[in-house]
Amino acid sequence: MSLFEQPHIEQTSADPQSRRRRTGWVFLLVAMVLLLVLAFAPSTYLVQQPGPVENTLGTTMVNKKELPIIEINGAETHPTTGNLDLLTVQLLGDRERPANWLNVISAWFDRTRTVVPVDAVYPAGVTTDERNQQNQQLMVGSQQDAIAAALKHQGIPVQSHLRVTLIQGGSPADGQLKVGDEVVSVNGVAMSTLDSVQKAVQDNGVDKALTIDVLRDGKPISVSVTPALATAQDGSTHARIGIGTGEVFQFPFEVKINLEDIGGPSAGMMFALGIIDKLSGDDLTGGAHVAGTGTIDANGTVGPIGGIRQKLFGAKGAGATYFLAPAENCNEVVGHVPSGLRVFKVSKLDDSLTVLKTIREKANLDALPTCS
């Protein structure tokens, strides 16, 4: 065999093509690995999706024990039918561990989910634990407001007083007032709401101290606080002492809401409707499956909430036919209503009761206000 007939001479002509194939597979494998790493890497976003749905007229498990979600002791209650569902939003990710890019990308193609920046849910400097604590406090306050609104609607007297719920560190009130102080008066004028406290502070100004009379652990105390000048986001200035307040109610009988692992104020309206249904004996739903959302204050005013698109789909998934939406959320409702779900807008507790009465009596639903 001559030199030119040796087999290795023929192999050298195929080596470049073989190497190119191997190199191509290596690059493809590396690209796939990098893509997987990127997909599961944390983003700067969170994903909102429909969360658990609870029927306020039904039961729930608390410490492995089945309890009514709304439990009333010391007053006559009546049987109910149908559903008055409260709705929740579930978050994928948190401040410390945002959603990964795979979840973010898939959510962009899913109309039941929404992608939001982390800072839109967790303000700068607020940890996940702090936000969870705030949401639990909001839930407790919402339940108290819902009970007050329901009892007032039923003509049941409710007593209330104003308490300090928050003191900002380094503010004029820091070290003078304490969380839990019951605010009686400011500069001798009786206080009943946060607005009345804020007005008293503005009227006093920053050039002199004001006197705040409080009850602390049942004992009357007078404290002196000099307001400081604060600048709002719009550039305006105002006097402030750095406190938050809330109404604390005294009810003539016990209304207990048994619900764990749900925070925020958005279930207030549905709690109020559930309480009224149990107290009134009117069978508010007439057996219909109704869902809804909205904050509520003690006077029955319904306010806006977050994540209403996810709540619409959550309601549909739970089998609801009708949905009560806060009027201030209507711009987010339009164009996002699942097929088969009928939405009505409400601004007050009485609006919601009108919708329920119309559904119950099978009257003209077309005459009711809707989001349009």
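Residue numbers run from 1 in the order of the sequence given. The basis for the numbers below is simple: all heavy atoms, side chains too, and nothing from hydrogens, waters or symmetry mates.
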Judged by atom type as modelled, is there a donor-acceptor pair below 3.5 Å linking the side chain of [X] to the main-chain atoms of [Y]?
X	Y	result
Ser43	Trp101	no
Arg240	Ser171	no
Asp351	Lys348	yes
Ser347	Ala327	no
Gln49	Thr112	no
Asn204	Lys208	yes
Asn329	Ala325	no
Asp283	Thr81	yes
Thr358	Leu365	no
Lys278	Ile70	yes

From [atom1] ([X]) to [atom2] ([Y]), nearest 0.5 Å:
X	Y	atom1	atom2	result
Lys357	Asp282	NZ	CG	9.5 Å
Gln48	Gln90	CD	CD	11.5 Å
Phe271	Glu54	CZ	CD	9.0 Å
Ser160	Phe251	OG	CZ	9.0 Å
Leu57	Met270	CG	CE	8.0 Å
Ile212	Ile243	CD1	CD1	5.5 Å

Return the minimal non-hydrogen interatomic distance between [X] and [Y], and the atom names on each side.
X	Y	answer
Val183	Val214	CA-CG1, 4.2 Å
Leu87	Gly292	CD1-O, 3.8 Å
Pro172	Thr226	CB-O, 3.3 Å
Met269	Ser352	SD-OG, 3.1 Å
Asn258	Thr60	O-CG2, 3.0 Å
Ala298	Lys152	O-CD, 3.3 Å

Just checking [X]: does its [atom1] atom have more than 12 heavy atoms from other residues, nucleotides or ligands closer to it than 6.0 angstrom?
X	atom1	answer
Phe313	CZ	yes
Asn331	CG	yes
Gln159	CD	no
Asn364	CG	yes

Close side-chain approach of [X] to [Y], heavy-atom, < 4.5 Å:
X	Y	result
Gln176	Ser224	no
Pro42	Asn100	no
Thr295	Ile305	yes
Leu353	Leu284	yes
Val121	Arg131	yes
Thr127	Tyr122	no
Lys316	Pro50	no
Met191	Val189	yes

Look at the side-chain heavy atoms of Ile, Leu, Val, Met, Phe, Trp and Tyr, link any pair under 4.5 Å apart, and say whether [X] and [Y] land in one connected group.
X	Y	answer
Val290	Ile308	no
Ile69	Leu138	no
Leu46	Leu92	no
Ile262	Ile147	yes
Leu67	Val53	no

TODO: Name all residues meeting the salt bridge (charged side-chain N to carboxylate O under 4.0 Å, His left out) criterion together with Lys256; count only those two or more places apart in sequence or in a different chain, and write none if there are none.
DONE: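 Partners of Lys256 under the salt bridge (charged side-chain N to carboxylate O under 4.0 Å, His left out) test: none.
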Task: Residues Val164, Lys178; criterion side chain to side chain contact (heavy atoms under 4.5 Å, CB included); working and verdict - done: CA-CA 7 Å; Val164 176; Lys178 292 185 177 181; over 6 Å; no
Open item on the list: Ignoring hydrogens and geometry beyond distance, is a side-chain donor-acceptor pair present between Arg97 and Thr128 at under 3.5 Å?
Closed with: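 Short answer, no.
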Open item on the list: So that I can tick it off, tell me whether Lys199 and Asp203 are bridged by a salt bridge, with the cut-off set at under 4.0 angstrom between side-chain N and carboxylate O.
Closed with: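 Between Lys199 and Asp203 there is a salt bridge, with a charged N closer than 4.0 Å to a carboxylate O.
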TODO: Taking only Lys NZ, Arg NE, NH1 and NH2, and the carboxylate oxygens of Asp or Glu, determine whether Arg95 and Asp119 approach each other closer than 4.0 Å.
DONE: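 Salt bridge present between Arg95 and Asp119.
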Open item on the list: Taking side-chain hydrogen bond (donor to acceptor under 3.5 Å, both in side chains) as the cut-off, I'd like each qualifying pair that reaches into residues 336-346, sequence neighbours left out, listed once.
Closed with: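 Sorted pair list: Arg309-His336, Arg342-Asp366.
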Open item on the list: Quick test of your reading: applying side-chain hydrogen bond (donor to acceptor under 3.5 Å, both in side chains), list the pairs with at least one residue in residues 262-274, sequence neighbours left out, ordered by first then second residue.
Closed with: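 The answer is Ser266-Lys311.
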Open item on the list: Please evaluate residues Asn299 and Asp297 with respect to the criterion side-chain hydrogen bond (donor to acceptor under 3.5 Å, both in side chains), reporting the C-alpha separation (whole Å), side-chain torsions for both, the decisive distance (0.1 Å), and the verdict.
Closed with: CA-CA 5 Å; Asn299 295 316; Asp297 66 19; 4.8 Å; no
Task: Sole candidate of Asn55, Thr293, Thr56 that passes side chain to side chain contact (heavy atoms under 4.5 Å, CB included) when paired with Asp85 - done: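 Running side chain to side chain contact (heavy atoms under 4.5 Å, CB included) over Asn55, Thr293, Thr56 with Asp85 returns exactly one hit, Asn55.
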- [ ] Please assess Tyr322 against Leu356 for the test side chain to side chain contact (heavy atoms under 4.5 Å, CB included), listing each intermediate value before the final yes or no.
- [x] CA-CA 9 Å; Tyr322 307 101; Leu356 293 177; over 6 Å; no
TODO: Step by step, work out the side chain to side chain contact (heavy atoms under 4.5 Å, CB included) result for Leu273 and Leu324.
DONE: CA-CA 11 Å; Leu273 291 174; Leu324 306 173; 3.8 Å; yes
- [ ] Let me see the working for Gln144 and Val248 under side chain to side chain contact (heavy atoms under 4.5 Å, CB included), right down to the final yes or no.
- [x] CA-CA 8 Å; Gln144 293 295 296; Val248 179; 5.9 Å; no
